[in-house]
Structure formats: C-alpha cells, structure tokens
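Note sheet for the following structure.
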Amino acid sequence: MPMMAVAFPILPGKTAEWRAWMEEINGPRHDEFVESRRRAGVRERTYFQPTPMGDLVIVTLEGDDPAHAFGQMMSADDAFTKWFLGKVQAFHGVDLSTPMTEAPSQLVADTQAAVAAAR
C-alpha cells in the first residue's frame with residue numbers, strides 16, 4: 001500500500017498544548033478525524049519524536065494515493081478541517097491551507113525497492 005511520511009517540528013514551548021490537542025483528536029473529536037481521513041481514502045498515524053533539537057511529529061498516510069489525499073484533506077472546507085488547520089498552524093507554524101508546490105516529503109530508501117531491484 002502506498003505511504004508517505006511528513007515531519008513537523010512542534011514550536012518551542014507548545015508540546016503540552018500539542019499533547020492536549022492529541023487528546024482531543026483521540027477523544028471527543030476522534031469520529032470527525034476518522035471520517036476526514038476516510039473521505040480522503042487514507043489511514044493516518046501520528047508519532048511524537050523528541051530530539052535534542054526539539055520535539056517533532058511524524059505523520060504517515062497510507063492509501064491508494066496519499067499525496068493526493070493530503071492535498072484533498074488540507075483543502076476541505078468543513079468545520080473539522082478548519083479547526084485542524086488552525087491547530088497545525090498554532091503548534092507547528094505551518095499553514096497547510098496554502099497549496100504546496102512540491103511533495104511535502106521524498107522517499108529516499110525502501111527495503112522493498114532494494115529487494116525488487118536485486119531480483
């Protein structure tokens with residue numbers, strides 16, 4: 001299944017608020033979150049990664065066309081998406097409502113690709 005991953009830094013001093021937002025995503029707003037990703041045709045997983053340079057969030061999307069789904073999710077005009085995008089900007093300093101001119105990440109190594117090439 002195709003997958004993409006994107007890393008976002010958490011702005012300094014915002015980790016506790018970001019964690020509270022994840023509690024909302026996993027709690028009272030979980031159904032909206034799931035429906036948003038279902039409409040786009042992807043499964044999303046979000047990981048928290050502390051580093052010496054600051055905390056990061058790693059988001060993976062799996063589906064038939066995760067890059068297209070990412071754009072579809074970020075351009076949706078429903079109340080959940082507007083709320084979600086506002087939180088992303090507040091905690092990560094990124095405006096995902098602005099269309100990207102290139103893919104948000106680049107695959108640089110893949111064990112399956114290496115196995116396929118070796119055959």
State whether a side-chain donor-acceptor pair under 3.5 Å links Glu44 with Thr46.
yes
Using the rule given for side-chain contact (heavy atoms from CB on, under 4.5 Å), can you reason through Leu56 versus Tyr47, listing the C-alpha separation, both sets of side-chain angles and the distance that settles it, and then say yes or no?
CA-CA 8 Å; Leu56 296 174; Tyr47 297 85; over 6 Å; no
Measuring from Met74:CE to Ser36:OG, what's the distance to the nearest 0.5 Å?
6.5 Å
Value rounded to 0.5 Å, distance of CD in Glu35 from NE2 in His30
11.5 Å
Would you give me the side-chain donor-acceptor pairs under 3.5 Å for residues 79-93, sequence neighbours excluded?
residue: Thr81; atom: OG1; partner: Asp78; partner atom: OD1; Å: 2.8
residue: Thr81; atom: OG1; partner: Asp78; partner atom: OD2; Å: 3.3
residue: Lys82; atom: NZ; partner: Asp77; partner atom: OD1; Å: 3.3
residue: His92; atom: ND1; partner: Pro9; partner atom: O; Å: 2.9

Return a table of donor-acceptor pairs under 3.5 angstrom between the side chains of residues 12-19 and protein atoms on other chains or two or more places apart.
residue: Thr15; atom: OG1; partner: Asp55; partner atom: OD2; Å: 2.6

Name every donor-acceptor pair, under 3.5 Å, that has one atom in a side chain of residues 57-69 and the other anywhere in the protein, sequence neighbours excluded.
residue: Glu62; atom: OE2; partner: Arg45; partner atom: NH1; Å: 3.1
residue: Glu62; atom: OE2; partner: Arg45; partner atom: NH2; Å: 3.3
residue: Asp65; atom: OD1; partner: His68; partner atom: N; Å: 3.2

I'd like to check Arg37 versus Met73 (side-chain heavy atoms, cut-off strictly below 4.5 Å). Are they in contact?
yes
Got more than 12 heavy atoms from elsewhere within 6.0 Å of CZ, Arg29?
yes
Say whether Leu11 and Leu96 are linked into one hydrophobic cluster, either directly or through other cluster members, by side-chain heavy-atom distances under 4.5 angstrom.
no
What about Phe48 and Trp21, same hydrophobic cluster or not, with Ile/Leu/Val/Met/Phe/Trp/Tyr joined at side-chain heavy-atom distances under 4.5 Å?
yes
